[in-house]
Peer 1: 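Can you keep this structure in mind? I'll have questions shortly.
These values consider heavy atoms only, across backbone and side chains, with no hydrogens, waters or symmetry-generated copies. Residues: numbered from 1 along the sequence shown.
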Amino acid sequence: MKPTITPLVLSTATFGLMLGVAQNAQAALIPGISVTTTLGVDPDAAWNIINTVNGQGLLPGNTPSLTGNHVASNNIPTAWRSVALGNAPGSTIPGASITFNLNGTYLVSGFTFWNFGGSAAALTRQGIRDVTVEYFDGTNWLAAPGAPPTFTQGLFNATTPADQIAQPYTFTTPVTATQIRFTNLSNFGTLADVNNKIGFNEVQFDGTVPPPPPTQIPEPSSLLALLAVGLGGVSLRKRI
């Protein structure tokens, strides 16, 4: 009796579904981000842009997270604020950018942002309002699909400085990126020239390491040819 060989056929859609489920399950906080900006740092206090990506000020525990509140911007070392700006308050800042280096290649699905705010309305107006979110794919800067064009203004409380709540955003399609940047920035306006600055508390990115390229599966005709060669070899050995 000849053995019966039943081929296992998986469609492209099935493979895509399996891959998508695996990627969604693995999506997580991207660690070890670094950040730079063209806007300098307010010299009037110890603002530190490095502490906008390392979890400082996030509750609880001062550790990077995609959820939770952030302490008020009055806790100066946990936030960043720019030098005084030369443009009109609330207008787009010429040449402004904040660039986040992921220090690796990731499939980025979105991010969480914590805006500026705390003890006074002026702090919330110094937060980021308008923004263009772009990603670098290793060759070009491209618009992140489904990224927000604006951020929500922060909170304030004159009696007890208000913690800032998380603003989560998800791209319509995950992007493979080594860097993310914010451009076309503006604050919320209604600020005296001396207070015309921009800042934020924290940003954390959601993603995973991209899967390796799929192994190429031979065409059915090739598989049949290989099988025929193998069977021919077996037959020849039996004759000898």
Peer 1: Starting at CD1 of Ile98, measure out to OG1 of Thr183 and round the result to the nearest 0.5 Å.
Peer 2: 10.0 Å
Peer 1: Return the CG to NZ distance between Asp44 and Lys197, rounded to the nearest 0.5 Å.
Peer 2: 4.5 Å
Peer 1: Is the shortest side-chain heavy-atom distance between Ile33 and Tyr106 below 4.5 Å?
Peer 2: no
Peer 1: If you define the side chain from C-beta out and look only at heavy atoms, does anything of Leu123 sit under 4.5 Å from Asn74?
Peer 2: yes
Peer 1: If I take atom OG1 from residue Thr92 and atom CG from residue Leu185, how far apart are they, to the nearest 0.5 angstrom?
Peer 2: 8.5 Å
Peer 1: Would Asp137 and Thr176 satisfy side chain to side chain contact (heavy atoms under 4.5 Å, CB included), going step by step from the backbone distance to the final call?
Peer 2: CA-CA 6 Å; Asp137 66 356; Thr176 301; 5.9 Å; no
Peer 1: If every non-hydrogen atom of Tyr135 is compared with every non-hydrogen atom of Pro145, which pair is closest and at what distance?
Peer 2: CE2-CD, 4.3 Å
Peer 1: Taking C-beta and beyond as the side chain, do Phe111 and Pro148 meet within less than 4.5 Å on heavy atoms?
Peer 2: yes
Peer 1: Could you report the tightest heavy-atom contact between Leu191 and Pro89, atom names first, then the distance?
Peer 2: O-CG, 3.4 Å
Peer 1: If Ile, Leu, Val, Met, Phe, Trp and Tyr residues are connected whenever their side-chain heavy atoms lie under 4.5 Å apart, and connections chain through other members, are Ile180 and Trp80 in the same group?
Peer 2: yes
Peer 1: Quick one: are Leu66 and Pro168 in side-chain contact, heavy atoms under 4.5 Å?
Peer 2: no
Peer 1: With side chains defined as the heavy atoms from C-beta onward, is the minimum distance between Phe151 and Val131 less than 4.5 Å?
Peer 2: yes
Peer 1: Are side-chain heavy atoms of Arg181 and Phe136 found at a separation under 4.5 Å?
Peer 2: no
Peer 1: Roughly how far, to the nearest 0.5 Å, is CZ of Arg129 from OG of Ser91?
Peer 2: 8.5 Å
Peer 1: Can you measure from CG (Leu59) to NE2 (His70) and round to the nearest 0.5 angstrom?
Peer 2: 8.0 Å
Peer 1: With heavy-atom distances below 4.5 Å as the criterion, would you say the side chains of Thr150 and Asp130 are in contact?
Peer 2: yes
Peer 1: Consider only side-chain heavy atoms of I, L, V, M, F, W and Y, link residues closer than 4.5 Å, and tell whether Val71 and Trp47 are in one cluster.
Peer 2: no
Peer 1: Counting C-beta onward and ignoring hydrogens, is there a side-chain heavy-atom pair between Asn187 and Arg125 closer than 4.5 Å?
Peer 2: no
Peer 1: Kindly assign one of parallel, tilted or perpendicular to the pair Phe100 and Phe182, based on the angle between their ring planes and the thresholds 30° and 60°.
Peer 2: perpendicular
Peer 1: Where is the tightest heavy-atom contact between Gly57 and Asn62, given as atom of each residue plus distance?
Peer 2: N-OD1, 2.8 Å
Peer 1: Which heavy atom of Pro43 sits nearest a heavy atom of Val83, and at what distance?
Peer 2: CD-CG1, 4.4 Å
Peer 1: To the nearest 0.5 Å, what is the distance between CD on Gln204 and OG1 on Thr52?
Peer 2: 8.5 Å
Peer 1: With a 3.5 Å cut-off and no angle check, do the side chains of Asn196 and Asp193 form a donor-acceptor pair?
Peer 2: no
Peer 1: Please test Phe200 against Phe113 for ring-ring contact (aromatic ring centres under 6.0 Å, His included), starting from the C-alpha separation and ending with a verdict.
Peer 2: CA-CA 8 Å; Phe200 70 102; Phe113 179 75; 5.7 Å; yes
Peer 1: Indicate if Phe156 and Trp114 have the same hydrophobic cluster label, given that clusters are the connected sets of ILVMFWY residues with side-chain heavy-atom separations under 4.5 angstrom.
Peer 2: no
Peer 1: Of all the heavy-atom pairs spanning Thr124 and Gly154, show the shortest one and how long it is.
Peer 2: CG2-O, 3.4 Å
Peer 1: Would you name the heavy atoms of Ala72 and Ala162 that are closest together and state the gap between them?
Peer 2: CB-O, 3.2 Å
Peer 1: Please say yes or no: joined through hydrophobic side-chain contacts below 4.5 Å, possibly via intermediate residues, are Trp141 and Val203 part of one cluster?
Peer 2: no
Peer 1: Hey, any chance Leu155 and Ile198 share a hydrophobic cluster, counting ILVMFWY side chains that come within less than 4.5 Å of each other, even indirectly?
Peer 2: no
Peer 1: Answer yes or no: is there a donor N or O on one side and an acceptor on the other, between the side chain of Gln126 and the main chain of Asn195, under 3.5 Å?
Peer 2: yes
